[in-house]
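Chain letters run A, B, ... following the sequence lines, proteins first and then strands; every chain starts at 1. As the structure is a computational prediction, the values presented were derived from the model and not from experiment. Every heavy atom of this structure was used, including side-chain atoms; hydrogens, water molecules and symmetry mates were not.
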Amino acid sequence: MSQQQILGSIAKALGRPTPSTVTESLKYTLPPRAIDHLDEAGTLEAFRQAFVGINGRFFRVENWNEAVEQIRKIFMELNIRPEEAAAWDVPELAPLWETFPEIYRGGDIGITAGKKIGITWTHGAIAETGTLALLAGPQSHRGTSVLPPVHLSLFSRRELVKSLGEAFDRLGSKDFRALNFITGPSRTSDIEMDLTIGVHGPAVVLVIYVENLG
Amino acid sequence: MAAGNRDLQGRIQSAFRHPFLRKAVKSATNTLRDRKNVVTHDLGHWEDWRNLGMQIRNHVIENLDTYLQQFAKNMLQQGAQVHWAVTAEDALRIFQGIVDKHKAKLVLKSKSMVSEELHVNHVLEDRGIHAVESDLGEYIIQLAGETPSHIIVPAIHKTRQEVADLFEKDSGQKQQPDTASLTRYARQKLRQMFLDAPIGVSGCNFAVADPGAVALFTNEGNGRLVTSVPPVHVVFMGLERIVPTFRELDVMAKLLPRSATGQKITSYMSVIRGPKGPGEQDGAQEMHIIIVDNGRTRILANPKYQEVLRCIRCGSCLNVCPVYRQVGGHTYGWVYSGPIGAVLTPLLQNDLINWGETAYLTTLCGACTEACPTKIPLHEMLIQLRLERTVSGATSSLERTAFRLWSETWGNPTLYKLSMKGGYIGQKPFMKEGHLEGGPTPLSAWTNSRYFPPIAKETFRDRWRKGEI
């Protein structure tokens, strides 16, 4: 009823007898951007700069062995035991389980909310803004990247993209229910415009770039 | 609909009397405006991006029926429930139905201007259901029992001491008036509510028609929690929020955060395509989208104002408006403030008599139009609203008579000349140090707050005739 009424009002306002169901898509070209001509190394550097610029901590390692060592260092620095971590149960993170089998790999909201760190795999690392694009799925839980006070994500060369548009081109057609773009820690300036890090989401966001997955 | 807007003068005076408001609004709007200038400069080709934004939004408006149907069909296929609400009452009835079905006593909200427009919180509170705003600024003004004074920074008018007082009252415990402690208090308090609430409510910055998706831009993370932790997620969506595909969402993601907060992108952009999928362990089990008309199709049908539907609710027109910067958001009397509020309020309320005075909260300088990322000619619409209000007979008979006399006098060269002479002589009792002070109404309405320049002894026409000019 209401649907017909609203669509009817729209059609009438637009001067058509009945609601239209087809249209030609809009044609346009995007204005040029600084990142358009970057090579792979330049793109990674652009990501690093943007990510650090929004209070993220960036680590670059050669392989998974080094990545695991880096994670161990992060655990020590932040005083986190492996059983206090939650992580995605995705094949990309498999080497993590071998070293830290205690890490929680389920998606229970209550349990995840009690963890000190959430570890995820980034499906698209967007250089232009230092953004992490995360697809939700049965093994890649939404809560992992938002409930614990620290979020650590890993990615490799294949995940690196220049722009949000490129990330949409690559991920937009996949079968997902939630795609979260994360750019640095949770923040607010709601009290006297004073920037405060860590409101409802993590106050600390770290990224490890793994050069060769082996 | 809310009560009329007749006490505009009262609200202006109360804004001027506020000890902190003008200073806070000025400093916040300066910061937001300056940050925007930096990030738009860094991006480059800002005018091209604005033109593209306008083009995309126009295309959506011209094909709104097509895209809304596409969006609804796709969301249904992906398991969401889509509801259509012609009026505010319809939207509230639909929402109430969802709340009743789940016997919810607590509803957690992330920021949604449409839900403010519908007064969702009042309706829930009236029925004993606790509706809690989870955006920090919204949470603060909710505790204070106020409405947002800025679209992007709702509690712009509150000092940290006032916030500490509100939190003290809320918790019954002493609160330190520093932002970090206050933010921590809100995090802890609201985190438990996120875990307990059966229903989460969000707005919708953009609805992607193909493939169906709702996109939310937030910074605090509450938008993510509201949409993924409670078992039911309800979206309030103004029916014009559509973009055709992810390509256009990409363009909007360039325009919105830059214009709103001066960020390249917000901390979180969530793209939700329905309730959780098979095998997913978190995410809402049920997703409802309430598509709200509430006067929007009426605006669509009016070619003079149709373009206002291009608005992406960034608030950048507020930050540059010389009037908003002096009086703040509450002066506009309803939920939308600044130049966009001055235009939208009488249109959505469909009431020029009681709400049309907002069209006078402008200097017509056009800064709003220049700031708008989708190039809405806001100042032209404000002139149009004034015209329609006058024609409809909303202005006082004294004002109408005065302007008729003025137009008849100044429309006639002899009478114009006489009026200047008469004015020159008549002003003498009020002359003081080269300007006018005091005097009878309506002159005193001006001279009470600023100097009025006197009429010169020798008029322009005299000097022209003498060849001096």
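Atom CD1 of A/Ile191 is separated from atom CD of B/Gln161 by 11.5 Å, given to the nearest 0.5 angstrom. Here the CG-CD1 distance, from B/Asp293 to A/Ile10, works out to 7.0 Å after rounding to the nearest 0.5 Å. Expressed to the nearest 0.5 Å, how far CD of B/Gln70 lies from OG1 of A/Thr23 amounts to 8.5 Å. Residue A/Arg16 holds its CZ atom at 8.5 Å from CD of B/Glu62, rounded to the nearest 0.5 Å. Interatomic distance, CD1 of B/Ile291 versus CG of A/Leu7, reported as 8.5 Å (0.5 Å rounding).
For the pair A/Pro138/B/Gln281, no side-chain contact is recorded, criterion being any heavy-atom separation below 4.5 Å from C-beta on.
In terms of heavy-atom pairs under 4.5 angstrom with chain B, the leader among A/Gln139, A/Arg33, A/His141 is A/His141. For the options A/Ser173, A/Ala178, A/Ser189, A/Ala133, heavy-atom pairs under 4.5 Å to chain B are most numerous at A/Ala178. Ranked by heavy-atom pairs under 4.5 Å with chain B, the first of A/Leu14, A/Leu30, A/Thr129 is A/Leu14. The greatest number of non-hydrogen atom pairs below 4.5 Å with chain B, out of A/Ile109, A/Val22, A/Thr144, A/Val146, is found for A/Val146. Counting heavy-atom pairs under 4.5 Å between each of A/Gly198, A/Gly172, A/Gly184, A/Gly15 and chain B puts A/Gly172 at the top.
A donor-acceptor pair under 3.5 Å is formed between the side chain of B/Arg187 and the backbone N or O of A/Gly201. Using modelled atom types, one side-chain atom of A/Glu192 and one backbone atom of B/Arg160 make a donor-acceptor pair closer than 3.5 Å. In this structure, B/Asp282 contributes its side chain and A/Arg142 its backbone to a donor-acceptor pair below 3.5 Å. Under a 3.5 Å cut-off, the side chain of A/His200 and the backbone N or O of B/Phe194 do not form any donor-acceptor pair. When atom types are taken as modelled, the side chain of B/Arg298 and the backbone of A/Ser9 share no donor-acceptor pair closer than 3.5 angstrom. A side-chain donor-acceptor contact under 3.5 Å links A/Arg177 to the backbone of B/Pro275.
In this structure, B/Arg247 forms no cation-pi arrangement with A/Phe168, as its terminal cationic atom is not both closer than 6.0 Å to the ring centre and no more than 45° off the ring axis. Judged by a 6.0 Å distance limit and a 45° cone about the ring axis, A/Arg187 is not positioned over the six-membered ring of B/Tyr268.
Within the 4.5 angstrom heavy-atom criterion, no atom of B/Thr218 approaches chain A. With a 4.5 Å cut-off on non-hydrogen atoms, A/Leu147 touches chain B through its backbone and its side chain both. Only the side chain of B/Pro211 comes within less than 4.5 Å of a heavy atom in chain A; its backbone stays farther off. The contact between A/Glu24 and chain B is made entirely by backbone atoms, counting heavy-atom distances below 4.5 Å. Proximity to chain B (any heavy atom under 4.5 Å) is shown, for A/Gln3, by both the backbone and the side chain. Contact annotation for A/Ala34: neither backbone nor side-chain heavy atoms come within less than 4.5 Å of a heavy atom of chain B. Only the side chain of B/Ile140 comes within less than 4.5 Å of a heavy atom in chain A; its backbone stays farther off. Heavy atoms of B/Leu136 lying under 4.5 Å from chain A belong to its backbone as well as its side chain. Of the two parts of A/Pro185, only the backbone, made up of N, CA, C and O, holds a non-hydrogen atom closer than 4.5 Å to a non-hydrogen atom of chain B. Using a 4.5 Å cut-off between heavy atoms, A/Ala203 does not touch chain B at all.
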**Request:** Output, in order, the C-alpha distance, side-chain angles, deciding distance and verdict of salt bridge (Lys or Arg N to Asp or Glu O under 4.0 Å) for A/Asp190 and B/Lys158.
**Result:** CA-CA 9 Å; A/Asp190 272 352; B/Lys158 290 270 176 243; over 6 Å; no

**Request:** Determine, step by step, whether A/Ser145 and B/Arg224 satisfy the side chain to side chain donor-acceptor pair (under 3.5 Å) criterion, reporting the C-alpha distance in whole Å, the side-chain angles of both residues, the deciding distance to 0.1 Å, and the verdict.
**Result:** CA-CA 10 Å; A/Ser145 60; B/Arg224 286 202 55 199; 2.8 Å; yes

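A donor atom on one side chain and an acceptor atom on the other are not found under 3.5 Å apart for B/Asp65 and A/Ser20. Of the N and O atoms on the side chains of B/Glu220 and A/Ser186, not one donor lies less than 3.5 Å from an acceptor on the other residue.
With sequence neighbours excluded, no residue forms a salt bridge (charged side-chain N to carboxylate O under 4.0 Å, His left out) with B/Arg57.
Shown are A/Leu164, A/Thr131, A/Ile182; of these, the side-chain contact (heavy atoms from CB on, under 4.5 Å) with B/Met269 is made only by A/Leu164.
Residue A/Lys116 qualifies as enclosed at atom NZ: its count of foreign heavy atoms under 6.0 Å is above 12.
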